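For the single chain, residues carry numbers from 1 onward in sequence order. Keep in mind that this is a model prediction, so the values were computed, not measured.
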Amino acid sequence: MGRAVNLRIPGPTPCPDDVLEAVGGPMMNHRGPEFADIIKRVTEGLNWVFGVSTDVLTITASGTGGLEAAVVNTLSPGDRVLAVSIGVFGNRLASIAETYGAEVERYELEWGAAADPDEVARRLDADPSIKAVLVTHNETSTGVTNPLEAIGAVVRERGPLLIVDGVSSVSSIPCPAERWGVDVLVSGSQKGWMVPPGLAFLWLSERAWEACETATMPRFYFDLSRARSSLESAQTPWTPALSIFYGLDKAFESIRAEGLEGIYSRHHAVAQYTRDRVRAMGLELFAQDERFASDTVTAVRWPDDADGLAIAKRAREEFGVVLGGGQQSLRGKIFRVGHLGYFTQEDIAAALDVVERLLAETPARATV
């Protein structure tokens with residue numbers, strides 16, 4: 001693809017040249033007809049990818065900003081919330097709710113595992129006062145994808161809102177919000193959308209909009225009612241990141257050309273290649289059950305006799321391969337290979353070639 005650096009972190013992800021060129025376009029009046037045309041096209045594309053019949057909102061923020069907006073618009077201080085956490089980002093979503101005064105019950109799993117829908121159902125049955133369930137669809141810190149469709153079924157049957165972090169899943173793996181019973185779904189431009197960071201996308205069900213009417217957590221910039229009202233006039237309530245809108249508008253040309261099934265198939269095929277290649281190298285996937293291994297990022301255990309931090313440093317400095325590292329307690333214990341958005345199998349193969357070469361050069365492994 002002509003990139004000097006093989007960026008294999010799970011976000012920000014590489015962007016196509018035509019998207020980067022579009023991002024460099026001149027500024028325009030964000031209250032004028034030209035921008036109105038762009039936001040209409042972008043919103044139509046988002047609705048299609050999210051699988052929804054009402055409009056997805058776009059705010060200028062990171063994915064975390066979108067998650068904060070999801071929480072503060074639908075909940076009130078003191079609300080009982082069940083937070084399903086399988087890693088760093090599940091914990092982050094729970095912390096956002098706690099920061100604004102929600103009473104959070106955490107269903108935390110060992111990192112590398114996926115959530116059990118039956119356990120979600122058991123906890124909801126044990127506490128009918130729970131108003132919302134928070135779930136990360138695709139946990140990039142561990143390379144695990146939660147069984148969201150099954151979780152959605154048990155949550156919807158029992159009544160709470162289902163608020164989903166789809167930052168690293170939507171546009172790369174299936175996540176049809178309405179069909180799976182999701183009430184709030186959040187994504188971010190820097191993942192599978194092939195666009196730089198700066199935009200967060202949110203969709204709310206009618207049940208979620210009803211919750212917004214009574215929610216009392218404080219909000220101003222992240223007031224989604226303002227965003228919905230502005231979108232009716234093809235505007236945003238505050239100054240948008242125009243450059244990222246330009247890039248997203250261009251990215252949708254290739255997204256539509258490939259089609260959702262093509263995109264999902266490509267992600268799955270390359271993810272399977274990555275998992276097979278990792279095993280062939282004698283390495284171990286971090287995901288405990290391959291049925292839930294992510295199709296957007298593969299997490300791999302470093303061998304016990306390898307200095308993972310040193311190998312990743314050499315990969316970056318000597319070969320231009322930028323691997324994702326382990327976060328928090330996983331620092332130096334795993335590496336992560338991002339394969340979402342704009343990539344080819346050759347990109348992944350080249351990165352793993354470097355890892356294999358550097359592992360073979362470590363003294364302890366050279367004698368095996």
Side-chain angles (χ1 to χ4, degrees), residues 7-14 49 63 67 84-93 108-117 135-152 164-176 180 182 185-188 190-194 260-261 263-279 281 283-302 322-328 330 333-345 347-349 351-352 355:
L7 186 64
R8 296 274 57 85
I9 63 174
T13 63
V49 175
L67 296 174
V84 179
S85 178
I86 64 170
V88 171
F89 296 101
N91 286 340
R92 179 179 296 182
L93 184 51
E108 292 190 68
L109 292 98
E110 180 182 3
W111 288 8
D116 180 357
V135 181
T136 301
H137 183 198
N138 187 74
E139 179 58 67
T140 55
S141 71
T142 63
V144 172
T145 301
N146 271 318
L148 183 60
E149 183 176 10
I151 292 172
V164 175
D165 171 354
V167 171
S168 64
S169 63
V170 183
S171 79
S172 299
I173 60 179
C175 188
W180 284 5
V182 175
L185 181 59
V186 182
S187 190
Q190 78 277 16
K191 301 290 187 177
W193 303 93
M194 304 183 294
L260 292 180
E261 291 308 314
I263 291 170
Y264 300 154
S265 296
R266 172 169 60 91
H267 280 74
H268 179 70
V270 175
Q272 191 61 55
Y273 162 81
T274 306
R275 294 188 285 265
D276 292 343
R277 175 73 188 278
V278 163
R279 280 190 295 264
M281 292 164 59
L283 301 178
E284 182 183 353
L285 297 175
F286 188 69
Q288 295 178 7
D289 186 334
E290 191 172 336
R291 292 178 301 165
F292 304 111
S294 171
D295 279 354
T296 68
V297 56
T298 298
V300 186
R301 293 183 186 273
W302 287 114
V322 182
L323 301 169
Q327 296 175 290
Q328 298 179 10
L330 296 179
K333 297 180 180 179
I334 68 169
F335 67 93
R336 296 174 298 147
V337 181
H339 34 76
L340 67 164
Y342 179 58
F343 67 91
T344 65
Q345 183 169 305
D347 295 324
I348 311 306
L352 293 176
V355 172

With the side chain counted from C-beta on, respond yes when Thr274 and Leu352 share a heavy-atom pair under 4.5 Å apart, and no when they do not. yes
Okay, side chain of Ser187, backbone of Val167: is any donor-acceptor separation there less than 3.5 Å?
yes
Side chains of Pro14 and Phe343: does their closest heavy-atom pair fall under 4.5 Å?
no
Tested for side chain to side chain donor-acceptor pair (under 3.5 Å) against Thr296, the lone hit among Thr13, Thr145, Asn138 is Asn138
Practice problem: Evaluate the side-chain proximity of Cys175 to Leu148: yes if any heavy-atom separation is below 4.5 Å, no if none is. | Solution: yes
Verify the neighbour count for atom CD of Glu290: are there more than 12 heavy atoms of other residues, nucleotides or ligands below 6.0 Å?
-> yes
>> Between Thr298 and Leu285, is the side chain to side chain contact (heavy atoms under 4.5 Å, CB included) condition met? List the steps.
In response: CA-CA 7 Å; Thr298 298; Leu285 297 175; 3.6 Å; yes
Residues Ser172 and Leu340: closest non-hydrogen pair is OG-CB, 3.9 Å
Any donor-acceptor N/O pair, Arg336 side chain to Thr140 backbone, under 3.5 Å = yes
- Are the side chain of Arg8 and the backbone of Gly338 linked by a donor-acceptor contact shorter than 3.5 Å? yes
Report task. Walk me through it: do Glu110 and Thr142 pass the test side chain to side chain contact (heavy atoms under 4.5 Å, CB included)? Result -> CA-CA 10 Å; Glu110 180 182 3; Thr142 63; over 6 Å; no
Interatomic distance, CG@Leu67 vs CG@Leu93, rounded to 0.5 Å, equals 5.5 Å
- Message: If we ignore hydrogens and angles and just use 3.5 Å, is the side chain of Glu139 paired with the main-chain N or O of Phe89 as donor and acceptor?
- Response: yes
Taken to the nearest 0.5 Å, the spacing of Gln328 CD from Trp111 CH2 works out to 4.5 Å
Here the pair of heavy atoms bringing Ala114 nearest to Leu109 is O-CD2, 3.2 Å
message: Can a donor-acceptor pair be found, under 3.5 Å and without considering hydrogens, that links the side chain of Asn146 to the backbone of Ala115?
response: yes
* Criterion side chain to side chain contact (heavy atoms under 4.5 Å, CB included) on Ile173 and His137, from CA distance to verdict -> CA-CA 10 Å; Ile173 60 179; His137 183 198; 4.0 Å; yes
**Asked** Between the main-chain N or O of Pro10 and the side-chain N or O of Lys191, is there a donor-acceptor pair closer than 3.5 Å?
**Response** yes
- So, the side chain of Ser85 versus the backbone of Asn91: is there a donor-acceptor pair under 3.5 Å, distance only? yes
Does Val49 reach the side chain of Leu260, with side-chain heavy atoms less than 4.5 Å apart?
yes
By ring-ring contact (aromatic ring centres under 6.0 Å, His included), His339 pairs with (sequence neighbours left out) none
*Does His267 use its side chain to pair, donor to acceptor, with the backbone of Ile263 at less than 3.5 Å?*
yes
query = Yes or no on side chain to side chain contact (heavy atoms under 4.5 Å, CB included) for Trp180 and Ile151, after CA distance, side-chain angles and deciding distance?
reply = CA-CA 9 Å; Trp180 284 5; Ile151 292 172; over 6 Å; no
Just so I know, are the side chains of Trp302 and Val355 near enough to count as touching, which here means a heavy-atom distance under 4.5 Å?
yes
>> Main chain of Thr344, side chain of Arg266: is a donor-acceptor contact present, judged purely on distance under 3.5 Å?
In response: no
Heavy-atom closest pair (Ala113 atom, Gln288 atom, distance to 0.1 Å) is CB-OE1, 3.6 Å
